[in-house]
Amino acid sequence: MADFSDLTLDVVKVRRDFPILDREVHGKPLVYLDNAATSQTPRQVIAMFDDYYGRYNANIHRGLHTLADEATAAFEGTRETVRAFLNAGETREIVFTRGTTEAINLVANSWGRVNLGPGDEVLISRLEHHSNIVPWQLLAGELGFAIKVIPVDERGVLDMAAYRDLFTERTRLVAVNHISNAFGTINPVREMARVAHEHGARILVDGAQAAPHQAIDVRDIDADFYAFSGHKVYGPTGVGVLYGKAGLLEAMPPWQGGGEMIRTVSFETPTTFADIPHKFEAGTPAIAEVIALGRALQWVQEIGLELIGAWEARLLEHATEGVQGIEGLRVLGTAPDKAGVLSFVVDGAHSQDIGLLIDQLGVAIRTGHHCAQPLLAQFGLDATCRASFAAYNTPEEIDVFVEGLERVVGMLR
């Protein structure tokens, strides 16, 4: 059993911040282990919605009245919170989006349309979520560039030697996740960025799974673009972030047009656009969600990402040890450097059946392809079960999960 005694995380206190953890499912206490899909939301973040809509609900930036000023200050305050969270150099390098998917689509449809063409190459790892594959496939179909795949070994680890060998003089971009959502593999993005830049290429990092688990320093990584979503880092759905180096963002054309992203509009002369980051934030944004995201990031930092990561690593160790005794169970993703994700299959048992039956015991896990079909196909699979951990999960919950899994597998075999 993993030893938690040297960690100072007060999980009882942490859990008090999450009202949903008090509920029951099918008459059983909820054990929520689907955090890689969506983490739960602390009461401090939920309260931001009541505060905004109850006290200063107004559109931002253009209003001169008090409510508009207060809403704008809170909204732009989150931009500074995100800048500090990522250690970006300037707030103008922080663009608010609807999530990681929209952030990647923004880069593809703005930077990509200007910088990619026939004969060019984009390197994408086999570990990627579909949101970092499909936008590039769509664009490649239009513009005629090639997509080259960075291979993965049987542990779910990127082949760095093969990665270096894939570069040619026509390589323009590397698109890679920081942490795999399907296997939990932590990729060496700093080294990958260094190699990309040596070859004159840019790098986009999908940080959706990294933001809840470890400190992120985009300047240390030297990422050209970095994206993450609010709902995976204890924040609301429908909001996310794109970080981009200021020089790159300034050179990129707008992706969407409308209000807020313009400087002047006329039928007689060309429309001119706002400075970054507002050039990429057309229309009324998700104001309450952005403000709440800022509070979520503050909540994470109050606990400490290093402590959260260490706690989740022990949970992963405890869970991995626990499932080893289940006959026919095989763990997918055995990288030496992993985040709190446990993916597995069981011989003779369909993943969907396992997920449905263990839900009857109050345990929420994810089953399916996890939007990582190319990765699972390499292992001859179309689905796995995935348990993923957060700061509020406990060793006792892991025991409930393991015992429930043993019971379910026994029923299916």
In a table with atom names and distances, give each donor-acceptor pair under 3.5 Å that connects a side chain of residues 289-301 to protein atoms at least two apart or in another chain.
residue : atom : partner : partner atom : Å
Arg295  : NH1  : Glu302  : OE2          : 3.3
Trp299  : NE1  : Asp17   : OD2          : 2.9

Just distance, no hydrogens or angles: give the donor-acceptor pairs under 3.5 Å from side chains in residues 345-359, sequence neighbours left out.
residue : atom : partner : partner atom : Å
His350  : ND1  : Gln352  : N            : 2.9
Asp359  : OD2  : His26   : NE2          : 2.9

Can I get a per-line list of side-chain donor-acceptor pairs under 3.5 Å for residues 149-168, giving both atom names and the distance, sequence neighbours left out?
residue : atom : partner : partner atom : Å
Asp153  : OD1  : Arg155  : N            : 2.8
Asp153  : OD1  : Gly156  : N            : 3.2
Asp153  : OD1  : Val157  : N            : 3.1
Asp153  : OD2  : Arg155  : NE           : 3.1
Asp153  : OD2  : Arg155  : NH2          : 2.7
Asp159  : OD1  : Ala161  : N            : 3.2
Asp159  : OD1  : Ala162  : N            : 3.0
Tyr163  : OH   : Met192  : O            : 2.7
Arg164  : NH1  : Met160  : O            : 3.3
Arg164  : NH2  : Glu191  : OE2          : 3.1
Thr168  : OG1  : Glu121  : OE1          : 2.8
Thr168  : OG1  : Glu121  : OE2          : 3.2
Thr168  : OG1  : Arg170  : N            : 3.1

With a 3.5 Å cut-off and sequence neighbours excluded, list the donor-acceptor pairs that the side chains of residues 328-341 form with protein atoms.
residue : atom : partner : partner atom : Å
Lys338  : NZ   : Gly333  : O            : 2.9
Lys338  : NZ   : Val341  : O            : 2.9

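A distance-only check finds a donor-acceptor pair linking the side chain of Thr320 to the backbone of Leu316 [under 3.5 Å]. At distances below 3.5 Å, at least one donor-acceptor pair connects side-chain atoms of Glu102 with backbone N or O atoms of Arg98. Between the side chain of Tyr56 and the backbone N or O of Asp69 there is no donor-acceptor pair closer than 3.5 Å. Looking only at distances, no side-chain donor or acceptor of Asp120 sits under 3.5 Å from a matching main-chain atom of Arg172. Side chain of His130 to backbone of Gln373: a donor-acceptor contact under 3.5 angstrom is found. Distance alone, capped at 3.5 Å, places no donor-acceptor pair between the Ser110 side chain and the Leu106 backbone. The backbone N or O of Gly99 lies less than 3.5 Å from a partner atom in the side chain of Thr97, making a donor-acceptor pair. Without hydrogens or angle criteria, Tyr234 side chain to Ala391 main chain gives a donor-acceptor distance under 3.5 Å. At distances below 3.5 Å, not a single donor-acceptor pair connects side-chain atoms of Asp51 with backbone N or O atoms of Ala47. No donor-acceptor pair closer than 3.5 Å links the side chain of Ser131 to the backbone N or O of Thr101.
At least one side-chain heavy atom of Ile303 sits under 4.5 Å from a side-chain heavy atom of Leu9. Between Asp399 and His318 the shortest side-chain heavy-atom distance falls below 4.5 Å. Considering only heavy atoms from C-beta on, Val174 stays 4.5 Å or farther from Leu204 through its side chain. For the pair Leu342 and Phe401, the minimum side-chain heavy-atom distance is below 4.5 Å. Counting heavy atoms from C-beta outward, Ile124 and Val122 have side chains that approach closer than 4.5 Å. Between Phe96 and Pro285 the shortest side-chain heavy-atom distance does not fall below 4.5 Å. Residues Phe4 and Trp311 are in side-chain contact: their nearest non-hydrogen atoms beyond the backbone lie under 4.5 Å apart. Looking only at side-chain heavy atoms (C-beta outward), Arg386 and Arg366 come within less than 4.5 Å of each other.
Between the CZ atom of Arg92 and the NZ atom of Lys279 there is a distance of 10.5 Å, given to the nearest 0.5 Å. Atom CG of Leu305 sits about 7.5 Å away from atom CD1 of Ile216, to the nearest 0.5 Å. Put simply, OH on Tyr226 and OG1 on Thr100 are 9.0 Å apart, with the number rounded to the nearest 0.5 Å. Between atom CD1 of residue Ile133 and atom CZ of residue Arg126 there is a gap of 8.5 Å, rounded to the nearest 0.5 Å. Here NE2 of His369 is found 12.5 Å from CG of Leu375. Values are rounded to the nearest 0.5 Å. With values rounded to the nearest 0.5 angstrom, Phe389 atom CZ is found 6.5 Å from Leu315 atom CG.
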From CA spacing to verdict: salt bridge (Lys or Arg N to Asp or Glu O under 4.0 Å), Arg16, Asp10: CA-CA 10 Å; Arg16 292 194 196 108; Asp10 186 345; 5.6 Å; no
Test side chain to side chain contact (heavy atoms under 4.5 Å, CB included) applied to Leu86 and Phe228, step by step: CA-CA 10 Å; Leu86 296 177; Phe228 72 92; 4.0 Å; yes
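Two rings, from Phe280 and Trp255, have their centers 6.0 Å or more apart. The aromatic ring centres of Phe75 and His61 sit less than 6.0 Å apart. When ring centroids are compared, His370 and His129 stay outside the 6.0 Å threshold. Residues Phe18 and Tyr32 place their aromatic rings such that the two centres sit no closer than 6.0 Å.
Between Asn35 and Ser388, the side chains place no donor N or O within less than 3.5 Å of an acceptor N or O (distance only, hydrogens not considered). Glu312 and His213 share a donor-acceptor pair across their side chains, judged by distance under 3.5 Å alone. Looking only at atom types and distance, the side chain of Asn87 has a donor-acceptor partner in the side chain of Asp217 under 3.5 Å away. With no hydrogens or angles considered, a side-chain donor-acceptor pair links Asp222 and His197 at under 3.5 Å. In the model, Asn132 has no side-chain atom that pairs as donor or acceptor with a side-chain atom of Asn177 under 3.5 Å.
For Val402 against Ala319, the heavy-atom pair with the smallest separation is CG2-O, 4.4 Å. Closest approach of Pro135 to Ile104, counting heavy atoms only: CG-CG2, 4.2 Å. Nearest heavy atoms, Met261 versus Pro254: CE-CB, 3.5 Å. Minimum interatomic distance between Glu128 and Ala175 (heavy atoms only, all atoms of both residues): CD-O, 3.9 Å. The minimum heavy-atom distance linking Ile147 with Ala140 is given by the pair CD1-CB, 4.2 Å.
Ring geometry for Phe183 versus Phe379: interplanar angle over 60°, hence perpendicular rather than tilted (30 to 60°). Ring pair Tyr53/Phe49 is parallel by interplanar angle, where below 30° counts as parallel and above 60° as perpendicular. Ring geometry for Trp111 versus Phe225: interplanar angle over 60°, hence perpendicular rather than tilted (30 to 60°).
Checked against side chain to side chain contact (heavy atoms under 4.5 Å, CB included), Glu80 has the following partners two or more places apart in sequence or in another chain: Arg83, Ala84, Thr91. With sequence neighbours excluded, the residues that form a side chain to side chain donor-acceptor pair (under 3.5 Å) with Ser5 are Asp3.
Ion pairing between Arg194 and Glu198 holds under the 4.0 Å rule for side-chain N and carboxylate O. For the pair Glu250 and Lys245, the salt-bridge criterion is not met [side-chain N within less than 4.0 Å of a carboxylate O]. Glu281 and Arg79 are joined by a salt bridge, as a carboxylate oxygen and a charged side-chain nitrogen come within less than 4.0 angstrom of each other.
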